[in-house]
Amino acid sequence: MADYCAEIAEAPERLARPEVQKLTPYQSARRIVAAAGGRGDIWLNANESAESVPMALQNERFNRYPEPQPEAVVEAYASYAGVSPEQILVTRGGDEGIELLVRTFCRPGEDAVLQFPPTYGMYAVSAETNGAKVINLITAPDRGWVPDAAEASHTLDTRPEVKLVFACSPGNPTGTLIPMGVLRKLAQVAAGRALLVIDEAYIEFSPADTAVDLLKEFPHVVIIRTLSKAFALAGLRCGFLLTSPGVIGMLKKVIAPYPIPSPVADLAAQALTPAAVSAMRQRAAAAVMRRCELEVALEDLPGVEAVFPSASNFLLAEFSDGPQVFKAMWDRGIILRDQNRQPTLANCIRITVGTQDENDELLAALREVLGACASQGEAK
């Protein structure tokens, strides 16, 4: 016992829960670059807005605790999303919403989440951190990475421990939209068994395809939203869960007492005014136009095997040698997101749509890199 205590004293991290000790943390865009000591002149790896929105605080007094759920933000977002304020929970980014759902609905060591890789890594990280199992139903590119509702239904029949089903639409990292008919089937098969969580972080780039109308029919459907992408406020860390009042009530039992700092609430309320929402929509439309132009240009490059359809502010491209291209661009200070290790995404790179100048520099560098790769191949 004395020897054990001495070992723990020298390495207190061994006191952490076993599942946390084994956990591989989510490799965020910033963490990857920092760990590798990379420098970045053009950042096209985190799906951030290419444009910044200048904002200034209106409230400069911070001696009081903030509202647990800032009323002005709740009401403004409810109006924007077309739901009632009772169906809104404001969170510290979409990631806290994922974490809250797992903590609220999954018992450690007993329950599970179902997801459809390739998909956003935080679903699995939040589940594993909280001791929940992760069940994967891998989707295929020849079906547009769209989940199979029948396969999901069979899984729910045979795996009653599943309490959350995560479906990302538009998908990250694929950009794929899940058709509304598939989402409806998923909601139907999950009824009475699990919550269907639809992650709409990128929905402003394809607003007509929101699943918000499903909330009227299915109280077990949850939608994740954020101000990080089209609203150009990734640094604010403000997200939302949209769902039934009953689910909101459960989540409020778990959420921290003062989750939304006053400066965040101040700026979020400003971002949700009618004028600011109109400006956001214009930025999103411009980003979609640049995405379409970038897609056409990428398709013409040698060494690009495929550029997949996207409904977001990024493109997923398959190269003849993805890792080599990624490294060559990294060395030039153009930071992209390597997807080579994701299921079904060998040689794929995710490229955030930048400004016109950034896209032009990206394409010029890719032409140089891919031209050099082609010359090497001919020499062999």
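What's counted below: heavy atoms across the whole structure, side chains too, no hydrogens, waters or symmetry copies.
- Ring orientation note: the planes of Tyr77 and Phe231 are tilted relative to one another, at an angle of 30° to 60°.
- Checking Glu293 against Asn359 by side-chain atom types alone, no donor-acceptor pair falls below 3.5 Å.
- Between Trp145 and Phe308, the ring planes are perpendicular. Angles over 60° get that label, and only those under 30° would be called parallel.
- In summary, the side chains of Glu200 and Thr210 do present a donor paired with an acceptor at a separation below 3.5 Å, with no hydrogens or angles considered.
- The aromatic rings of Phe326 and Trp330 sit tilted relative to each other, their planes meeting at an angle between 30° and 60°.
- Under the 4.5 Å side-chain heavy-atom criterion for grouping Ile, Leu, Val, Met, Phe, Trp and Tyr, Phe240 is connected to Tyr80 within one hydrophobic cluster.
- Taking the six-membered ring for Trp and thresholds of 30 and 60 degrees, Tyr65 and Tyr258 have nearly parallel ring planes, at less than 30 degrees apart.
- Evaluation of the salt bridge (charged side-chain N to carboxylate O under 4.0 Å, His left out) rule for Glu217 yields Arg184 as partners, not counting sequence neighbours.
- Side-chain contact between Ile135 and Gln115 is absent, with no heavy atoms from C-beta onward closer than 4.5 Å.
- Between the side chains of Asn47 and Tyr202, at least one donor-acceptor pair of N or O atoms lies under 3.5 Å.
- Looking at residues two or more places apart in sequence or on another chain, you find a salt bridge (charged side-chain N to carboxylate O under 4.0 Å, His left out) between Asp213 and Lys216.
- Looking at Thr176, its side chain does come within 3.5 Å of a backbone N or O of Gly144 through a donor-acceptor pair.
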